Amino acid sequence: MGETVKLIIEGKTIELPVLTGTEGEKAIDISRLRELTGYITLDPGMANSGSCTSSITFMDGEKGILRYRGIPVEELAEQSTFVETAYLLVKGRLPTKKQLNRFSISLNDNSLVHEDMQFFYQNFPRASHPMGILSSMVNALRSFYPELEGLSQTEEINMTVTRLLSKLRTLAAMSYKISRGHKVIYPRPDMCYCSNFLNMMFDTPVRPYEIDDDLVQALNVFWILHGDHEQNCSTSTVRVVGSARVNLYAAISAGIAALWGPLHGGANQAVITMLEEIHSSGSDVTPFLKRARDKNDPFRLMGFGHRIYKTHDPRGKIIKSVCDRVLKKLRRHDPLLDIAQKLEEVALKDPYFIDHHLYPNVDFYSGIVLRALGIPTNMFTVMFAIGRLPGWVAQWKESTEDVNWKLHRPRQIYTGPSETAYVPIDKRKNTI
Ligand code: SDX
């Protein structure tokens, strides 16, 4: 047996194997703990527990490192495109020119959705949140694209992955157009992935959308930065739901639902709401920082803090530079950016934030970029979902190929009443 740790329980010593990751991270393998000792471990929020081994993304929360398949996210943001990064995440390596071209063509060929899907949108109440619509529509994709007869499992998975990567973007833009009562704009074969999305969102029969390469580049970087993030809440959801061997559309639909939460992907929308509230209250950040420090106030500084990063989120720094570039190109001044910068400046000097290792995360500035692109606030988390889809798919695929993977079914420590007898209703005392 390789490296081990000793555990003494009720006088009995057991040895448990230690796993060492590529970058030297250590884990105690407790997969036989209950069998050997009758004990389980308890770790609410799984902050100290690994659910799997993975070769997709590496994060170092203390050093602020993020790499996809070993490549630093800074280099991908600088030199890659979202489609190429999606290929890297899903296939495990950078594509050759020929592979990338074939992948782009397959995404284009699968970018339409069944015409009947438009009728679903007509029946959602107008005020429906786009994340709820997106999660429902992705689940509905399975009905329109059932398993293909005669395909091997690998071919079926590859086809489903391609359909999802391409159609999620179309579903999102359709949702926006129909919510505005506008004509649905179809994807175009002469446009790249990101340009197509912006065109589907903002083109109209009376005012053609003008593609601005700097804004397309900003969207590429935004989606690259959201590509994957190891076992975050929504990715873990995709893995848990996927472990029941349900179809990938259903697992991704569940991931979208998890991402919707304001403590997770919904934070980018919550940041803008918070910045707007600060702006309308006269732009003084002091009372908001005071509320964030107050244990009795549920208010959190949205866009700050992270389960893993205890220093700057590397994505936040890149998004901030994209922010500056886009606003400069558009010759636009966004007062919310001034407030965000003021908030960051004051918070990073505040002992509470320093002591709690609270730094801006990816969501803190991302909303300002999306505002500049013209994306409506209630679609910010949809934008996060489109970016995170390659990561969800890659992590789901890895779980289906993992020989150690099994149905996800955690244990618990029961703290309810011990055995009690059933009491017939006419003998029950009114205890209220
Ligand atoms: C994303 O996991 C991922 O990788 C997620 C993500 C991804 O790419 O998938 O990076 C995307 O979800 C980014 C995070 C977006 N969420 C927010 O910005 C919401 C605001 N942030 C917090 O809610 C919080 O920081 C979390 C949820 C992100 C992380 O919280 P943890 O790790 O569960 O820590 P915690 O809630 O136990 O807080 C620890 C302490 C507490 O104080 P004490 O009781 O110990 O004194 O820090 C405080 C908290 O009150 N704290 C905050 C705070 N975040 C934590 N106090 C004020 N404002 C905050 N934002």
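Start at 1 with the first residue, then count along the sequence. The structure presented is a predicted model; accordingly, all values stated were derived computationally and were not measured. Whatever order the structure lists them in is the order used to number ligands and atoms, beginning at 1.
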Under-4.0 Å heavy-atom contact between protein and atom 37 (O) of ligand 1: no
Working for salt bridge (Lys or Arg N to Asp or Glu O under 4.0 Å), residues Glu276 and Arg371: CA-CA 12 Å; Glu276 283 170 339; Arg371 265 161 65 95; 3.4 Å; yes
is_close_aromatic(Trp223, Phe384), centroid dist under 6.0 Å: no
Phe144 ring center within less than 6.0 Å of Phe120 ring center: yes
For atom 18 (O) of ligand 1, the protein heavy atom that lies nearest, with its residue and separation: Gly303 N, 2.8 Å
Heavy atom of the protein closest to atom 13 (C) of ligand 1 (residue, atom name, distance): Asp363 OD2, 3.4 Å
Nearest-option assignment for atom 44 (O) of ligand 1, heavy atoms, candidates Arg388, Arg315, Lys295: Lys295
Protein residue, atom and distance nearest to atom 29 (C) of ligand 1, heavy-atom basis: Arg307 N, 3.8 Å
Identity of the nearest option to atom 17 (C) of ligand 1, non-hydrogen atoms only, from Gly316, Ala267, Ala270: Ala267
Part of Tyr309 within contact of ligand 1 (heavy atoms, under 4.0 Å): neither
For Gly305, atoms of ligand 1 separated by under 4.0 Å from a heavy atom: 25 (O), 28 (C)
Residues Arg315, His226; criterion side chain to side chain contact (heavy atoms under 4.5 Å, CB included); working and verdict: CA-CA 8 Å; Arg315 303 167 299 175; His226 287 79; 5.5 Å; no
Polar contact flag for Val362 and ligand 1 (N/O pairs, less than 3.5 Å): no
Close aromatic pair by centroid cut-off 6.0 Å: His357 and His312: no
Closest approach of any protein heavy atom to atom 22 (C) of ligand 1, naming residue and atom: Arg300 NH1, 3.5 Å
Verdict with supporting geometry, Arg239 and Gln231, side chain to side chain donor-acceptor pair (under 3.5 Å): CA-CA 9 Å; Arg239 279 182 171 257; Gln231 306 312 314; 3.1 Å; yes
Pair Tyr359 and Phe304, ring centroids less than 6.0 Å apart: no
Under-4.0 Å heavy-atom contact with ligand 1, by part of Leu358 that carries it: side chain
Side chain to side chain contact (heavy atoms under 4.5 Å, CB included) between Leu88 and Ile71, worked out: CA-CA 10 Å; Leu88 170 70; Ile71 302 175; 4.0 Å; yes
Atom 1 (C) of ligand 1 touched by protein heavy atom at under 4.0 Å: yes
Protein heavy atom at shortest distance from atom 12 (O) of ligand 1: His264 ND1, 3.0 Å
For ligand 1, the portion of Leu263 having any non-hydrogen atom under 4.0 Å away: both
Within-cutoff protein neighbour (heavy atom, under 4.0 Å) for atom 5 (C) of ligand 1: yes
Audit row: Glu230, Gln395, side chain to side chain donor-acceptor pair (under 3.5 Å) steps and yes/no: CA-CA 8 Å; Glu230 58 147 83; Gln395 298 272 353; over 6 Å; no
Aromatic ring proximity Tyr309/His229, centre distance under 6.0 Å: yes
Derivation of the salt bridge (Lys or Arg N to Asp or Glu O under 4.0 Å) call for Lys320 and Asp324: CA-CA 6 Å; Lys320 173 96 176 22; Asp324 297 337; 3.6 Å; yes
Options Phe384, Phe353, Tyr359, Tyr352, ranked by nearest heavy atom to atom 56 (N) of ligand 1, top entry: Tyr352
Audit row: Gln341, Asp338, side chain to side chain contact (heavy atoms under 4.5 Å, CB included) steps and yes/no: CA-CA 5 Å; Gln341 286 170 310; Asp338 298 341; 4.0 Å; yes
Top protein contact for atom 47 (O) of ligand 1, by heavy-atom distance: His356 CD2, 3.5 Å
Polar contact flag for Lys310 and ligand 1 (N/O pairs, less than 3.5 Å): no
Lys310 atom NZ, neighbour heavy-atom count above 12 within 6.0 Å: yes
Protein heavy atom under 4.0 Å of atom 32 (O) of ligand 1: yes
For atom 14 (C) of ligand 1, closest protein heavy-atom neighbour: Asn361 ND2, 3.6 Å
Atom 20 (C) of ligand 1 [closest protein heavy-atom partner, distance rounded to 0.1 Å]: Phe304 O, 3.4 Å
Ligand 1 contacted by Gly45 (non-hydrogen, < 4.0 Å): no
